[in-house]
> 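Here you go, one structure.
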Amino acid sequence: MALRVYDTRSRTKRELIPLVEGQIGIYACGITPYSPSHIGHARQAIAFDIIVRWLRNRGFQVNYIANFTDIDDKIISVSSEEGVDFLEVANRNIEDYFEVMDALNVTRANEYPRVTETIPEIIEMVNSLIEKGHAYVANDGVYFEIDTAPEKYGQLTGQTLEMVREGAGGRVDETGSGKRDHRDFALWKAAKSGEPNWESPWGPGRPGWHIECSAMSLKHLGERFDIHGGGTDLMFPHHEAEIFQSECCLGHEPVVQYWLHNGMINVNGEKMSKSEGNFWTVSDALQQVDPLVLRYTLINAPYRQPVDFNTVMIDDSRLNHGRLLRAYSEGLSIAGSGDWSSNPALSGAAERFSSGMNDDFNTRVALVEVQSIVKELRQLIDTESDKSDVSAAVGWLAEFAGGVLGVLPTEEEALSITESEAAARSAISSDVEALLEERESARESKNWSRADEIRDELISMGVVVEDGSEGPTWRIE
RNA sequence: GCACGGGUGGCAGAGCAGCUAUGCAACGGACUGCAGAUCCGUGGACCCGGGUGCAAAUCCCGGCCCGUGCUCCA
């Protein structure tokens, strides 16, 4: 079954054919750590986490690189506001990033390169662009000259040189920048007084916004690599600038074989932004929702679609994820996790799951299969079916819901959920049983008011009674 | 304005030429003193107008509407 991915550059789904058979190099633009991570960052991290997990499930050896742009205007501005070193700001937010992404079950990338650790490579690349006539030195830094490769303009966004010329005409003069054309972009920014800076052939300064990703992807993945990812908001200008830099520097194209872009997060149908007051950091969100439920919510639509973050979506995910988790942990404690491949129904579900994932990583289609297996497992447990059937379904969920989608906790954690429930249950069991007995005799004598009274009493203890054909059962809410 | 995505049942959200998406909600039934849970079942949709096809939610053209981007951004 061919694995097809939507490539922004060609605007079509293309079969994923690695440069080196069996191996995939993937670079995804990470965060600029000037503030704690928000749920948009989480969506990006989860999207590429699942892409990597799926590629590995399919047997590819994946080298996944995610960067931190740990020096930029915003970091500098936060650092000067707080009067602390810029690295302190960056480090603090990188720590937050790892903390929340770990909670969200995001597998760590193979490497997390940082701009501040890649300065020599950046300088070398800028130097090479100057030597090749693609960049020029101005009074305030070094700029890439768009007119030296105009054919590369708009490769991801379809915009033409003329469009952007109209859109931003005249702005250059106002800034007093040394740019020759407003569409040129900075490769190296000369340091203003008090700013962090590094020595360079063009004086003390720091890298421009785009060059770091070209340098880091080159350093870690080489002159050509398979996948470059990031949010759609980075297509222009960031990723187009990367195309200019990398291709002009290396002298061949394409450097990146496939461009993958994840969609944005909206909140109640509106763009999430600080100014709208609807801004959610991951930590904020985790105050209200379990991390794996949040993850479930964020993969409820394919990664390219926008996700609307609203209470309906979250409640829905909470319900479905709760069912998944309960069925999985119960099944696990009853029968363990076994092999599913010889079970025709599970194999069929695996095939549908796979064809969904192979179609540009469609997690929504994948979740449908997960939900159907949950339903099936639920029935197997309730009817006390053959343990091998239960363990096969558990094994299926472990591989696909757990291993690929990452929405299950570890086996130990799952088992401890059922154990702690069992413990809580046995702690109050005798009290509950006594009340239930009393209630049953009340019911036998059709004393409904007394029966309901006892039921209310149990509810106040957090116990829900459900009368079935074989007498009452109860569970802890 | 230009570019790129979208517009599917009450809601969320798949499908992207022919076959029930799915989940939640609703309705009917089984069970039940009631409630709940569970099970079985039902109805209901493809923004508008043209076109191509035996066949279109799905392809093409035109329009309307929404989101995002247009050098801060995952």
Side-chain angles (χ1 to χ4, degrees), chain A residues 6 8 11 13 28-32 34-35 37-48 66 69 72-74 77 154 156-160 162-168 171-172 179 182-186 208-210 229-238 240-241 261-266 269-274 297 300-308 310-320 323 352 356 359 362-372 374-375 378-379 382 442-444 446-449 451-452 455-456 459 464-469 472-475:
Chain A
Y6 184 88
T8 307
R11 277 180 217 117
K13 283 182 191 169
C29 282
I31 60 161
T32 298
Y34 71 94
S35 67
S37 295
H38 59 248
I39 55 177
H41 295 129
R43 178 30 172 188
Q44 188 275 140
I46 290 167
F48 285 92
T69 300
D72 97 313
D73 293 348
K74 283 185 177 170
S77 110
L156 298 178
T157 57
Q159 300 185 104
T160 64
E162 289 68 29
M163 288 171 192
V164 180
R165 177 174 288 148
E166 286 164 14
R171 218 179 286 172
V172 179
K179 279 185 193 182
H182 76 272
R183 294 158 304 177
D184 293 349
F185 55 87
W209 174 30
H210 317 297
T232 55
D233 54 345
L234 294 182
M235 291 192 297
F236 188 92
H238 185 57
E240 291 202 355
H261 290 99
N262 64 277
M264 300 290 102
I265 295 275
N266 294 139
E270 290 179 358
K271 183 189 176 180
M272 182 176 81
S273 71
K274 284 181 175 167
T297 308
N300 204 222
Y303 76 96
R304 287 196 293 128
Q305 295 302 123
V307 163
D308 194 47
N310 59 54
T311 50
V312 176
M313 281 282 278
I314 295 166
D315 290 346
D316 210 40
S317 298
R318 191 177 277 127
L319 187 79
N320 285 125
R323 282 178 183 166
R352 291 186 295 276
D359 183 15
N362 192 328
T363 49
R364 192 65 194 77
V365 168
L367 280 175
V368 167
E369 295 306 321
V370 171
Q371 288 169 339
S372 83
V374 167
K375 190 171 179 181
R378 185 76 262 161
Q379 285 174 2
D382 289 346
R443 291 180 72 207
E444 268 167 42
K446 298 199 192 300
N447 186 352
W448 307 128
S449 61
D452 291 346
R455 185 164 63 195
D456 289 341
I459 285 170
V464 177
V465 181
E466 284 163 2
D467 298 320
S469 51
T473 58
W474 60 281
R475 61 186 165 82

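Lettering follows sequence order; numbering is per chain, from 1.
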> Look at the side chain of A:N262 and the backbone N and O of A:R304, then say whether any donor-acceptor pair between them is shorter than 3.5 Å.
no

> Holding to ring-ring contact (aromatic ring centres under 6.0 Å, His included), I want the full list of residues that pass it with A:H261, two or more places apart in sequence or in another chain.
A:H239

> Does A:Q159 use its side chain to pair, donor to acceptor, with the backbone of A:G154 at less than 3.5 Å?
no

> Classify every nucleotide of nucleotides 5-15 of chain B by which part a protein heavy atom approaches to under 4.0 Å, writing B for the base, S for the sugar-phosphate alone and - for neither, in 5'-to-3' order.
S-----SSSSS

> Between B:rU68 atom P and A:M235 atom CE, what is the distance in whole Å?
13 Å

> Distances under 3.5 Å between protein N/O atoms and the N/O atoms of nucleotides 72-74 of chain B, please, pair by pair.
residue : atom : partner : partner atom : Å
B:rC72  : O2'  : A:K74   : NZ           : 3.1
B:rC72  : O2   : A:K74   : NZ           : 2.9
B:rC73  : OP1  : A:W209  : NE1          : 2.8
B:rC73  : O2'  : A:D233  : OD2          : 2.7
B:rA74  : OP1  : A:H41   : NE2          : 3.3
B:rA74  : O2'  : A:G231  : N            : 2.4
B:rA74  : N7   : A:H38   : NE2          : 3.3
B:rA74  : N1   : A:I265  : N            : 3.1
B:rA74  : N3   : A:G40   : O            : 3.0

> So which atom in A:V365 and which in A:R352 form the shortest heavy-atom distance, rounded to 0.1 Å?
CG1-O, 4.2 Å

> Applying side-chain hydrogen bond (donor to acceptor under 3.5 Å, both in side chains), can you list everything that pairs with A:W209, at least two apart in sequence or on another chain?
none

> In whole Å, what is the span from the CD atom of A:Q159 to the C1' atom of B:rC4?
9 Å

> Under the 3.5 Å rule, do the base of B:rG33 and the side chain of A:D452 count as making a donor-acceptor pair?
yes

> Measuring from A:F185:CZ to A:K179:NZ, what's the distance to the nearest 0.5 Å?
9.5 Å

> Please report the C-alpha distance between A:L156 and A:H238 in whole Å, then the side-chain angles of each, then the deciding distance to 0.1 Å, and finally whether the side chain to side chain contact (heavy atoms under 4.5 Å, CB included) criterion is met.
CA-CA 10 Å; A:L156 298 178; A:H238 185 57; over 6 Å; no

> Checking side chain to side chain contact (heavy atoms under 4.5 Å, CB included) for the pair A:D359/A:K13: CA distance, chi angles, key distance, verdict?
CA-CA 8 Å; A:D359 183 15; A:K13 283 182 191 169; 2.9 Å; yes

> Side chains of A:K74 and A:T69, heavy atoms from C-beta outward: is any pair under 4.5 Å?
no

> Between atom CD in A:E369 and atom P in B:rG23, what is the gap in whole Å?
11 Å

> In whole Å, I'd like the distance from the CD1 atom of A:I314 to the P atom of B:rC24.
18 Å

> Among residues at least two apart in sequence or on other chains, which ones pass side-chain hydrogen bond (donor to acceptor under 3.5 Å, both in side chains) with A:R475?
A:E466, A:E477

> Can you tell me whether the base of B:rG33 sits syn or anti, using the 90° cut around 0 to define syn?
anti

> Tabulate atom names and distances for all N/O pairs under 3.5 angstrom spanning the protein and nucleotides 35-41 of chain B.
residue : atom : partner : partner atom : Å
B:rA35  : N6   : A:D467  : O            : 3.4
B:rA35  : N1   : A:D467  : N            : 3.4
B:rA35  : N3   : A:R455  : NH1          : 3.2
B:rG36  : N1   : A:D467  : O            : 3.1
B:rG36  : N2   : A:D467  : O            : 3.3
B:rA37  : O4'  : A:E466  : OE2          : 3.2

